[in-house]
Each structure stands twice: as C-alpha cells, then as structure tokens.
Amino acid sequence: MKAAIPWAVELAVTVLCTALCSLLFLAVYVQLWLLLHYKQKRLSYQSLLLFLCLLWAGFRTVLFSFYLTSCAQANALQPFPHWLLYCAPICLQFCTLCLLNLYFSQVIFKARCSPEFNRYKIPLHIGFLLTSLAFLIVNLSCILIDNGTDDQHGWITMIRMIFSDCLFAACSISLANNTYRIANMSPAYVYLESKGTSGSQAVVTGSVISVLYILRALYNLVVISIQPENKPSPFSYGWRGVSDHAVTEETNSLEYLIFVIILLFCEFLPMSLMAYFFRAKKLSQNLVSSCSMGDQLCSEGFLIRVFLS
C-alpha cells in the first residue's frame, strides 16, 4: 500500500514546523531583551506572557527536532522528560490563557476607573493562580501514574482530558466575555492606546484565541465521549487529545499531517498572537504622560465618589 502523503511532503511539514517554532523562539527572545533595553517593568503581564511563549516555542522546537531524526527516540524518554515535551506546552498555554484573562480584566476595571479593582485584584490573582496550579498538578500526576500502571481502558487519560478541556473551555469563555466587554467600551480603547497597543488588536487577539481553544476543547470532549475504549475512528484516529498526541513510527502520514495542522492552528497561532500583542514597545513621552494622567484621573474620580458619598 502506498502512503497517503509522500515522504518528502511529510519531511517538508516537519521542517516547516521546526522552523516556525524556532523563529517564534528567537522573536520572543529578542522581545524579552528589548524589555530590558527599554527599561520597562521586569515583572509584568507582558514579561510573564513572553517568557511562557518562549518556553512553549522551545519545547515544541525540541519535539519537532526529534521528529526530524527519530520518533522512537522521542517516545523512549522517561516519564518526566516525556511530559515536558508533550504535555508541558499545553500547561504553558493554559497559564498564558489565565494571564490574558487577568490582563483583560484589569483593562476593564482601569477603563471604568472602578475602585473595585483593588478589592478584586488579589482574589482574581489567587483564583487564576490556583486554577493554573490545579491544571499543572492534575496533568503531571496523571502522566506519571499512567506511565507507572497498566491503564488498559484509558481511564486516567480520560480523567486528565476531561479536566483539562473543561478548564480550557471555561477560561476561554471568560476570555470571550472580557473581549466582548472591551469591544463595547470606548475608554478601554483609550487605555490600551496609552499602553502602546490598540483596542482592535486586543479584540482580535482575544476573539481568535478564545474561539480556537473552545473548538479544540469541544473536539477533545467529543472524541472522549464517542470513543471510550481507545478504538481508532475516522474522527479521532485513536487519539486522546490531539495536540499532546505522541507521534510514533506506526503513525501514518495522513494522521501526522492532521496532527501538525491542528497543532499549528490551536497552539502556534494563539501563542504567536499573544507574542505579537505583548511585544516590547518603546513608549513615547506623550504616551507615558497620557498613561500617568489617566491613572491620576481614575484616582481623582475615586476620591470624588468617596467625598460625595
């Protein structure tokens, strides 16, 4: 039987993915150095998101580099290195999703000049931090348990996928809601412009990322519901979670191509959008003064409300 896709095409796709992830890694690395050059905050939403994008691009570059040499070598790793290559990028994606949610929430509160932000700031940060830790712990624990036991029916993998995709869907819906609120708030556009970006970029970034993550979560949940016994089907190819699926030497070329396409649309595109949105920008003196003036007006507005009440 002939392969569904020529070997040369499969090799070209692997080289393309390796090159794209490498370019993203280099681009984000340069952006982090530019943050230091522009003397901006070293610990901020921008620096954290760029650092997480850097780690994601690094892990995916290493994975596709293995695919260029030997799939068997990539699949013969110990449990923790195997988790780093296949599942850690998903955890990094979820962390970036939580941080983007926090940032958009801050934009909404700042645009409203609402004093409630100081009241909800700590609970919001703690909530998303605990959610990210829970996502990380459950995924790592299930991977380590699955490698140490004989999970014939795939129950451990099923629990991990249901938990992960439900959290992804919930946070993506929250991001979509925040994006919708920003799109209908003129002050939010002014606030984002004072930070060197624009409201249109925020709306496009939030909309595309939330839609892609919701679609991937729904796809994985449908696969789990119609395929409980890990039997291959035309809809799922026997996979449990497409983007953290381990490609083996038995994987045919069509399966591999679909795996790469889904990974590019559901991982590379969202991370690239985040890296572009939070890229290092040298703020002009007018933007800096308008930003500080906006914060001062919000503080004065809050004091006026307190005085009148």
Going by the rule side chain to side chain donor-acceptor pair (under 3.5 Å), which residues pair with Ser272 if we only count those two or more places apart in sequence or in a different chain? none
If two hydrophobic side chains count as joined below 4.5 Å and joins carry through other members, does Val62 share a cluster with Ile90? yes
Are side-chain heavy atoms of Ile182 and Leu192 found at a separation under 4.5 Å? yes
Shortest non-hydrogen contact between Thr18 and Thr14, atoms and distance: OG1-O, 2.8 Å
Holding to side chain to side chain donor-acceptor pair (under 3.5 Å), I want the full list of residues that pass it with Ser174, two or more places apart in sequence or in another chain. Asn101
How long is the straight-line distance from OG of Ser164 back to CG of Leu136, given to the nearest 0.5 Å? 10.5 Å
Sequence-distant partners of Phe135, ring pair (Phe, Tyr, Trp, His ring centres under 6.0 Å), two or more places apart: Phe94, Phe168
Is there a path from Val208 to Val211 through hydrophobic residues (I, L, V, M, F, W, Y) whose side chains come within less than 4.5 Å of each other? no
Drop me the distance from Leu99's CG to Gln46's CD, to the nearest 0.5 angstrom. 12.5 Å
Do you reckon Leu63 sits in the same ILVMFWY cluster as Leu26, going by side-chain contacts under 4.5 Å, direct or chained? yes
Shortest non-hydrogen contact from Ala134 toward Phe163: O-CE2, 3.8 Å
Does Cys17 have any side chain to side chain contact (heavy atoms under 4.5 Å, CB included) partners at least two apart in sequence or in another chain, and if so, which? Val13, Phe64, Val260, Leu264
In Å, rounded to the nearest 0.5 Å, how long is the span from CZ of Arg160 to CG of Asp165? 9.0 Å
Is there a side-chain contact between Phe59 and Cys21, using heavy atoms and a 4.5 Å cut-off? no
Step by step, work out the side chain to side chain contact (heavy atoms under 4.5 Å, CB included) result for Arg60 and Phe25. CA-CA 10 Å; Arg60 285 311 190 196; Phe25 180 89; over 6 Å; no
From Ile159 atom CD1 to Ile145 atom CD1, the distance as rounded to the nearest 0.5 Å: 9.0 Å
Note: Leu212 and Cys266 closest approach over all heavy atoms is O-SG, 4.3 Å
Kindly give the cluster partners of Ile214, where membership spreads through any ILVMFWY side chain lying under 4.5 Å from a current member. Ile173, Leu218
Would a hydrophobic clustering, with Ile, Leu, Val, Met, Phe, Trp and Tyr connected at side-chain separations under 4.5 Å, put Leu130 with Ile137? no
Locate the shortest heavy-atom distance separating Met185 from Ile108; write the atom from each residue and the value. CE-O, 3.8 Å
According to the ring pair (Phe, Tyr, Trp, His ring centres under 6.0 Å) rule, which pairs have a member within residues 260-282, sequence neighbours left out? Tyr103-Phe278
Among the clusters formed by ILVMFWY side chains lying less than 4.5 Å apart, do Leu32 and Leu23 turn up in the same one? no
Side chains of Ile209 and Pro270: does their closest heavy-atom pair fall under 4.5 Å? yes
4.5 Å side-chain heavy-atom contact, Asn178 and Ser105: yes
Would you name the heavy atoms of Ser200 and Tyr189 that are closest together and state the gap between them? N-CE2, 3.7 Å
Any heavy-atom pair between the side chains of Phe109 and Leu124 that's under 4.5 Å? yes
Could you identify which residues cluster with Leu129, counting Ile, Leu, Val, Met, Phe, Trp and Tyr as linked when any side-chain heavy atoms lie under 4.5 Å apart, either directly or through a chain of such contacts? Leu133
Can you find a heavy atom in the side chain of Arg279 that is under 4.5 Å from one in the side chain of Met274? no
Side chain to side chain donor-acceptor pair (under 3.5 Å) pairs, two or more places apart, involving residues 203-214: Gln93-Tyr213
If you group Ile, Leu, Val, Met, Phe, Trp and Tyr whenever their side-chain heavy atoms sit less than 4.5 Å apart, what else falls in with Val30? Leu34, Tyr38
In this structure, CG of Leu273 is separated from CD of Gln201 (nearest 0.5 Å) by 10.5 Å
Decide yes or no for Ser65 and Thr61: does some side-chain heavy atom of the first lie under 4.5 Å from some side-chain heavy atom of the second? yes
Taking side chain as C-beta onward, heavy atoms only, is Ser47 less than 4.5 Å from Arg42? no
Sort and list the pairs that fulfil side chain to side chain donor-acceptor pair (under 3.5 Å) and have at least one residue in residues 23-37, not counting sequence neighbours. Tyr29-Trp33
Closest contact, heavy atoms only, Ala202 versus Thr179: O-CG2, 4.3 Å
Give, for atom CG of Leu49 and atom CG of Leu54, the distance between the pair rounded to the nearest 0.5 Å. 12.5 Å
With sequence neighbours left out, what residues match Ser172 under side chain to side chain donor-acceptor pair (under 3.5 Å)? none
Please answer whether the main-chain N or O of Ile262 pairs with a side-chain N or O of Glu267 as donor and acceptor at a distance below 3.5 Å. no
Clusters formed by hydrophobic residues whose side-chain heavy atoms approach within less than 4.5 Å: which one holds Tyr180, and what are its other members? none
